[in-house]
2 protein chains.
Amino acid sequence: MKLSSDELHARFRRHALRLTRQRAAIYSALASVNSHPTADDLYRTVKQRYPMMSLNTVYYTLSVLCRAGLVQEVNVGHDVARFDGNVTAHHHLICVGCRQIVDVIDEGLNQLAVSRGQARGFRILGHRVEFHGYCAGCQRAMLDVPPRNGQKH
Amino acid sequence: MKLSSDELHARFRRHALRLTRQRAAIYSALASVNSHPTADDLYRTVKQRYPMMSLNTVYYTLSVLCRAGLVQEVNVGHDVARFDGNVTAHHHLICVGCRQIVDVIDEGLNQLAVSRGQARGFRILGHRVEFHGYCAGCQRAMLDVPPRNGQKH
DNA sequence: CTTTATCTAGGAATCATTCCTACATAACAT
DNA sequence: ATGTTATGTAGGAATGATTCCTAGATAAAG
């Protein structure tokens, strides 16, 4: 969903963050989308309107927004970092074929806890659930093209 | 726990993997520990007994073992990959201070599922739950040394 | 014991991310 | 409005985990 200029100012002020053209562009791009773009995806998107934009600024801005809690980082395996402008409680479905990430909204998953016996003195701040599997598109693709790593015979 | 030579052979044969000295050393080192070492941690451990060991071989072996399902990869944020020789169902507790990873064994967490409405046609293979928080040690450390990023006033 | 497909070592290459620093500018106070 | 100043930005260089390449080694099968 699109974000009003007033709302943007309010969010930045609430977290004592300076609002620059670059930050507005980066945060709006991320908050208006429900995919989970990489820093480079955002860079390319935002660079169309601000050709001087530096990839460095995208990284720096994302780190600031993460620390402020306006944005969160999501990961698939150990590869490129992906970012999520949705910081309301939710979890993820990850396609191990095409690596897309889809949001899962489920109140039950938000309520999970570790038993005291297992918690080993940790003070828990939050949790994440990731479901791994194949998306509909990748399932179809597997029917057309047989997998490479088939068993012998 | 230590792994017998017979059991090692059996596991490798079961997955049609060649058993070399290097693979035995890497897999044994990982399977006998319940921390979650990085490739480099394993490299340094194993190099003590096999000084010719290459870091490359550690990476290659871990990728082979992961694909075979004898080992799994765990991640904290998007930084270095960590590996887990325990492939029975379990989840993790991650300290956001010192980044240590601790196992959580909880049958309830193994039973989670996504509702059909949220699953969007995915064929789910598995899931992971990560709890984030501060371990006992980091909580104590925070009492002694106040945090850097304190609010103004 | 031979054969052969696969593994290993080591060096080079890749590439996401971070570091450095001079210049620019948002926010605050005057 | 305008000046002041702490903070942000651009871009180039550095870092470091991981992957690629290749010639020699070796486990497994016959």
Side-chain angles (χ1 to χ4, degrees), chain A residues 5 8-27 36-44 46-47 49-68 70-71 73-83 99 148-149 152-153, chain B residues 5 8-27 36-44 46-47 49-68 70-71 73-83 99 149 151-153:
Chain A
S5 168
L8 190 66
H9 271 82
R11 289 195 192 174
F12 273 66
R13 174 155 304 166
R14 199 176 305 138
H15 293 274
L17 297 175
R18 277 205 199 167
L19 183 54
T20 63
R21 288 151 180 278
Q22 291 90 335
R23 289 182 172 190
I26 294 166
Y27 181 62
H36 300 75
T38 64
D40 198 65
D41 292 337
L42 288 166
Y43 172 61
R44 279 175 309 185
V46 163
K47 199 177 172 81
R49 198 185 302 222
Y50 299 92
M52 299 301 284
M53 176 71 66
S54 152
L55 177 57
N56 203 336
T57 300
V58 176
Y59 274 108
Y60 180 72
T61 299
L62 287 170
S63 79
V64 167
L65 295 177
C66 278
R67 250 171 292 152
L70 279 172
V71 156
E73 200 178 321
V74 193
N75 301 283
V76 190
H78 66 274
D79 61 310
V80 274
R82 293 171 168 278
F83 296 88
R99 319 216 122 190
R148 302 255 163 81
N149 60 339
K152 279 157 196 160
H153 302 287
Chain B
S5 168
L8 190 66
H9 271 82
R11 289 195 192 175
F12 273 66
R13 172 155 306 166
R14 198 175 305 138
H15 293 275
L17 297 175
R18 275 205 200 168
L19 183 53
T20 62
R21 289 151 180 279
Q22 291 89 335
R23 290 183 172 190
I26 294 166
Y27 181 62
H36 299 75
T38 64
D40 198 64
D41 292 337
L42 289 166
Y43 173 60
R44 279 176 309 185
V46 164
K47 199 178 172 78
R49 197 184 304 220
Y50 300 93
M52 299 299 285
M53 177 70 66
S54 151
L55 177 56
N56 204 338
T57 299
V58 176
Y59 274 108
Y60 180 72
T61 300
L62 288 170
S63 80
V64 167
L65 296 177
C66 277
R67 250 171 295 152
L70 278 173
V71 155
E73 199 178 322
V74 194
N75 300 283
V76 191
H78 64 274
D79 61 308
V80 275
R82 292 170 169 279
F83 297 88
R99 317 216 123 190
N149 60 342
Q151 306 273 59
K152 280 157 195 160
H153 300 286

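Since the structure is predicted, the reported quantities are computational estimates derived from the model, not experimental observations. All values below were derived from every heavy atom in this structure, side-chain atoms included, with hydrogens, water molecules and symmetry-related copies excluded. Letters go in sequence order (proteins before strands), and every chain restarts at 1.
Nearest nucleotide to the Thr20(A) side chain, out of dT18(D), dT9(D), dT8(C): dT9(D). Distance from the side chain of Arg18(A) is smallest for dA6(D) among the nucleotides dT9(D), dT17(C), dA6(D). Of the candidates dT18(D), dG11(C), dA10(D), dG11(C) carries the atom nearest the Asn56(B) side chain, counting heavy atoms from C-beta on. For Leu55(B), the listed nucleotide lying nearest its side chain is dT18(D); candidates were dT18(D), dT17(C), dG11(C). Nearest to the side chain of Thr57(A), among dG10(C), dT9(D), dA28(D), sits dT9(D).
Taking only side-chain nitrogens and oxygens, Gln22(A) comes nearer than 4.0 Å to OP1 or OP2 of dA10(D). OP1 or OP2 of dT17(C) sits under 4.0 Å from a side-chain N or O of Tyr59(A). Residue Tyr60(A) places none of its side-chain N or O atoms closer than 4.0 Å to OP1 or OP2 of dT18(C).
The distance between atom CD1 of Ile26(A) and atom C1' of dT9(D), rounded to the nearest whole Å, is 10 Å. Rounding to whole angstrom units, CG of residue Asn75(A) and C1' of dT18(D) are separated by 16 Å. Across the protein-nucleic acid pair, Asp79(B) atom CG and dA17(D) atom P stand 10 Å apart, rounded to whole Å. Remark: P of dT17(C) and CZ of Phe83(A) are 7 Å apart, rounded to the nearest angstrom. The distance from atom CZ of Arg44(A) to atom P of dA16(C) is 10 Å, rounded to the nearest whole Å. Atom CG of Asp41(B) is separated from atom P of dT18(D) by 11 Å (rounded to the nearest Å).
Paired regions of DNA chain C, where each region holds three or more successive Watson-Crick or G-U pairs whose two hydrogen-bonding distances fall under 3.5 Å, are C:1-30 with D:1-30.
The shortest side-chain heavy-atom distance between Phe12(A) and Arg23(A) falls under the 4.5 Å cut-off. Counting heavy atoms from C-beta on, the side chains of Phe83(A) and Cys66(A) come closer than 4.5 Å.
Residues Leu19(B) and Val80(B) each lie close to DNA chain D; by heavy-atom proximity, the contact nearer the 5' end of the strand is made by Val80(B). Take the nearest nucleotide of DNA chain D for Arg13(B) and for Asp40(B): the residue whose nucleotide is more 5' is Asp40(B).
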